[in-house]
Engineer: 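Right, I'll just put the structure down here and ask away after.
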Amino acid sequence: MTDELSDRARALVDAAKQQGGPSAAQQAKMAAVIAATSSTAAALGSSGAVVASTSVTKLVGAGVLAALVGIGGTVVVSKAVGPERPRAGQGAPASASPDVAPRSPSEVAKPTPAAVDGAEARGPAPTSTVASPQRDPGAIEAKEPASPPGPPRAARAEETSASERTVTAPRPTGGSGPVAEASRRSAGASPGIVERSAAAPASPAENARATARSTGGDSATPSTSPTGGDSPRTAPPLETSPAVERAAAGSPGERPATGRVTGTDTTAAEVTALATAMEALDTKDFAQALRIARTTRRAHPTGALRPELTLLEVEALCGLSRVDEAQDVLDAMPQVDRTALVQERLRRTCVSLK
Amino acid sequence: MTVLAATLTDQTRGALPVLDFDALYHAHVATTWRVLQRLGVPERHLEDATQDTFIIAHRQLPTFRGGSTLKTWLHGIAVRVAKDYRRRETRKGGWEPLSPGLEDGGRSPHDAAEGRQALDLVLELLDGLDEAQRTVFVLVEFEGLTAPEVAEVTESNVNTVSTRLRAARQKFNALVEAKGGIR
């Protein structure tokens with residue numbers, strides 16, 4: 001290569017070469033997000049430490065969940081879901097529990113007794129308002145500050161889903177690095193996460209099941225829904241079943257006793273709906289996935305997971321061979337939502353950004 | 001798998017690698033951060049961009065077949081992510097001033113300050129290059145990639161890379177000279 005750098009320029013480049021780099025806290029935070037992504041993706045159906053067979057839908061959806069379980073110590077929306085969302089330590093968190101002080105990434109990274117002994121944390125919940133994201137499919141329900149008399153809802157959910165949890169619990173990745181460590185923490189029951197989990201769902205899959213239980217349906221087998229047998233060529237009207245609507249908006253029982261709908265409620269409801277829709281997509285029940293995605297988007301037009309839901313809608317429409325509609329939906333996607341991840345995912349669909 | 005093992009695997013081109021994301025992250029997170037920074041990702045987005053890079057890498061890792069080194073492969077992802085961030089930043093109409101606060105690597109405050117100054121200046125000068133030139137320049141001068149490797153990362157041919165590198169060096173030299181007072 002000709003035209004080398006001048007001595008002065010070379011000296012400058014050399015001086016700057018090893019400068020910069022993420023701090024340990026930043027590394028830990030990023031590792032936690034990525035690790036939670038991988039562990040949640042595992043819970044969504046892939047097996048093994050690396051989510052080799054996991055779709056980007058799951059990954060990004062899981063990335064959202066990673067944020068929800070509280071990277072940085074509070075409920076936030078990860079950058080993974082859009083370019084303008086607040087992140088831990090950067091901007092106002094959408095916390096529904098202001099009494100829980102945000103923790104630094106290093107605090108999040110700090111091993112905790114419960115994290116070390118995750119098995120113990122899987123025991124019965126001492127109160128209805130404390131539930132780990134790992135073991136409590138009814139975490140959303142558990143955020144009600146005042147539990148009604150009788151068995152706590154979270155406890156009831158736990159009673160009915162112990163075997164499922166055993167099967168579907170996210171498995172942390174192997175290894176001993178920060179990613180694996182953070183994965184174990186996110187999959188285990190860190191006290192900090194336990195506290196926050198009152199407002200944070202466990203995993204999309206678990207929440208989907210919890211939602212299905214609360215609605216009497218079974219989101220794990222969405223193809224059994226009455227509308228599950230739509231022909232791919234037909235364009236079914238957007239009739240929403242009560243189950244779909246609840247999945248989109250969150251059941252009334254999932255709202256805080258105050259009745260005030262917070263940003264976290266919205267996101268939690270979106271995550272639940274997203275998980276249900278993703279399961280429907282996985283089982284090739286595109287019609288059901290489409291219904292849930294559309295209903296949820298309408299219910300939460302400014303929701304944090306709007307790009308995800310749009311993509312899901314596009315994927316469902318592609319699955320139904322409704323390419324033109326899919327393209328229309330994509331064209332209407334705001335520029336701000338067209339992130340690198342979105343574009344990456346679109347490569348596998350029937351449409352592309354114009 | 002240890003970093004060493006990952007490195008060894010990395011060097012075993014052509015063979016189906018057994019990859020471990022932990023090792024990949026360990027070995028390349030700092031480099032990726034620096035590449036993104038030098039490619040013009042604003043300071044406030046570096047964490048996000050790095051995260052995005054590794055999330056994409058995480059998804060694509062199982063499909064990595066050793067056609068290139070892991071480093072080159074990861075740089076390819078980083079270049080695309082950086083491009084995306086730059087484009088969005090430009091669309092929003094503005095670049096933020098360079099901000100301090102980077103890791104000083106445990107050196108003395110004096111050395112760290114000098115190093116930081118050098119980095120700030122380099123980043124400022126790099127802003128004077130166009131995107132294509134900057135990408136080639138950063139990958140060659142800072143990351144030590146060869147022209148064929150850069151061609152692979154940027155999905156262009158080697159001649160194009162050489163031309164861009166020559167132009168980038170000339171321009172960078174000129175920018176350094178124009179600054180004058182650089183020691």
Side-chain angles (χ1 to χ4, degrees), chain A residues 1-6 8-24 26-27 29-31 33-35 37-38 41 49-56 59-60 63 78-80 83 87 89-90 173-181 183 335-336 338-341 343-344, chain B residues 1 19-23 25-26 29-31 33-34 37-38 44-48 50-52 54-56 58-59 61-63 80-81 83-85 88 91 101-103 105 114-123 125 140-142 147 162 165-167 169-170 172-173 175-177 182-183:
Chain A
M1 297 182 193
T2 57
D3 291 28
E4 294 296 322
L5 284 178
S6 66
R8 192 178 282 183
R10 173 64 58 198
L12 185 60
V13 166
D14 288 343
K17 205 169 253 181
Q18 293 306 318
Q19 292 298 314
S23 66
Q26 285 169 322
Q27 285 195 36
K29 196 201 293 187
M30 290 186 292
V33 172
I34 296 165
T37 298
S38 65
V50 177
V51 284
S53 61
T54 304
S55 71
V56 184
L59 265 178
V60 178
S78 166
K79 198 68 175 177
R87 305 171 42 89
Q90 293 182 4
T173 57
S176 58
V179 176
E181 183 62 28
S183 177
Q335 287 288 338
V336 73
R338 301 181 181 190
T339 62
L341 286 174
Q343 290 171 31
E344 185 71 24
Chain B
M1 177 185 276
L19 300 171
D20 183 285
F21 187 75
D22 254 7
Y25 180 81
H26 267 305
V29 64
T31 307
W33 176 288
R34 282 194 283 264
Q37 182 184 45
R38 284 148 179 69
R44 67 177 181 278
H45 291 316
L46 276 173
E47 201 175 305
D48 294 332
T50 306
Q51 190 177 300
D52 284 356
F54 277 97
I55 286 174
I56 292 172
H58 193 211
R59 185 180 68 78
L61 191 59
T63 66
R80 288 193 292 276
V81 169
K83 194 174 180 180
D84 185 60
Y85 271 84
R88 272 188 281 157
R91 195 160 51 222
L102 297 182
E103 195 79 326
E114 274 199 343
R116 179 67 223 189
Q117 278 184 344
L119 176 60
D120 282 350
L121 182 57
V122 163
L123 293 177
L125 296 176
V140 171
E141 298 296 349
F142 287 90
S162 298
L165 180 61
R166 193 180 307 120
R169 282 172 169 165
Q170 286 173 349
F172 193 82
N173 284 339
L175 289 168
V176 170
E177 291 304 317
I182 301 171
R183 282 183 288 125

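Residue numbers begin at 1 in each chain, while the letters A, B, ... track the order of the sequences.
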Engineer: With B:K83, which residues qualify under salt bridge (charged side-chain N to carboxylate O under 4.0 Å, His left out), at least two apart?
Structural biologist: none
Engineer: What are the two closest heavy atoms between A:P22 and B:A30, and how far apart are they?
Structural biologist: CD-CA, 3.7 Å
Engineer: Would you call A:R10 and B:E141 a salt bridge, using N to O less than 4.0 angstrom?
Structural biologist: yes
Engineer: Of all the heavy-atom pairs spanning A:A9 and B:V176, show the shortest one and how long it is.
Structural biologist: CB-CG2, 3.8 Å
Engineer: How far apart are the closest heavy atoms of B:Y25 and A:Q27, and which atoms are they?
Structural biologist: OH-O, 2.6 Å
Engineer: Who are the side-chain hydrogen bond (donor to acceptor under 3.5 Å, both in side chains) partners of B:T31, not counting sequence neighbours?
Structural biologist: none
Engineer: Kindly compute the distance separating CD (A:E4) from CD (B:Q170), expressed to the nearest 0.5 Å.
Structural biologist: 11.5 Å
Engineer: For A:L12 and B:L125, which heavy atoms make the closest approach, and how far apart are they?
Structural biologist: CD2-CD1, 3.5 Å
Engineer: Closest approach of B:E177 and A:S6, non-hydrogen atoms and distance?
Structural biologist: OE2-OG, 4.3 Å
